[in-house]
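Letters go in sequence order (proteins before strands), and every chain restarts at 1.
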Amino acid sequence: MQFWLLKSEPVTFSIEALQRAPQQITHWDGVRNYQARNYLRNMQVGDLALFYHSNCTPPGIVGVVRVVKAAHSDDTAWDPTSEHYDPRSTKEVPIWSQVDVQLVEIWKEGLSLETLKSHADTLGEFPLVRRGNRLSVMPVTPSQWEEIHAIAGVSVSKKAFSD
DNA sequence: GCCAACGTTGGC
DNA sequence: GCCAACGTTGGC
């Protein structure tokens, strides 16, 4: 299994919104960047992802989700009323992908970007703390996964290593 | 609201 | 294929 980080603007979709969703599952759709899409396609059922709130105060990691359905066509690309509509994507030749994720846990205290930055030395090449990385889907290494849980004061989810 | 970073587009 | 213009992201 692999680890990931998923960004979302809480105004658009927050971890609390996921908590209220049926079965606490959502389609992670609307990704319109090829590199991020390719990461989505590399996800497997059981992979875990940090849920990151961007464009808010403070930005930071707020919990963990689990991939419950691997990449499949992002049907919002076919919907002319969707803000993610992309007429280049057809049902015959889909361009964009989505995965389904389910809430694993909400952290009582989020881990702010500011705090993450203060641990840049131990997090190494963690993409979030590198300037200018705007990808909404990013890989996280196992050591970064553990380090982030340690910084957050959250025990590494036992689910993380049971698969 | 500003603006740096960076992906995408499109003229050539 | 190059690269300038443009649009978006997202922290501040």
Inset, instruction - Please check if any side-chain donor atom of A/S97 sits under 3.5 Å from a side-chain acceptor atom of A/R41, or the reverse. - result: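 Yes.
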Between [N] atom [atom2] and [X] atom [atom1], what is the distance in whole Å?
X: A/R134; N: B/dG7; atom1: CZ; atom2: C1'; value: 6 Å
X: A/L135; N: B/dC6; atom1: CG; atom2: P; value: 10 Å
X: A/W96; N: B/dG7; atom1: CH2; atom2: P; value: 13 Å
X: A/L116; N: C/dG11; atom1: CG; atom2: C1'; value: 14 Å
X: A/R32; N: C/dT8; atom1: CZ; atom2: P; value: 14 Å
X: A/Q35; N: B/dC6; atom1: CD; atom2: C1'; value: 11 Å
X: A/L5; N: C/dT9; atom1: CG; atom2: P; value: 16 Å
X: A/E9; N: C/dT8; atom1: CD; atom2: P; value: 13 Å

Inset, instruction - Using atom types as modelled and distance alone, determine if a side-chain donor or acceptor of A/Q102 lies under 3.5 Å from a backbone N or O of A/Q24. - result: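 Flag not set: sc A/Q102 to bb A/Q24 has no pair under 3.5 Å.
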Inset, instruction - Mind checking A/R37 for me? I need base, sugar-phosphate or nothing, with any heavy atom below 4.0 Å counting as a touch. - result: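 Counting heavy atoms under 4.0 Å across all strands, no contact is made by A/R37.
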Taking only N and O in the side chain of [X], is any of them less than 4.0 Å away from OP1 or OP2 of [N]?
X: A/Y34; N: B/dC6; answer: no
X: A/K117; N: C/dC12; answer: yes
X: A/K7; N: C/dG10; answer: yes

Inset, instruction - Identify whether the distance between the nearest side-chain nitrogen and carboxylate oxygen of A/D74 and A/R37 falls below 4.0 Å. - result: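 The answer is no: the pair does not qualify as a salt bridge.
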Legend entry - Per A/N33 side chain, nearest of listed nucleotides C/dG11, B/dT8, C/dG10: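 Among C/dG11, B/dT8, C/dG10, the one nearest the side chain of A/N33 is B/dT8.
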Legend entry - A/L40 to A/Q98 - nearest heavy-atom pair and separation: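 Heavy atoms only, the tightest pair is CD1-CA, 4.4 Å.
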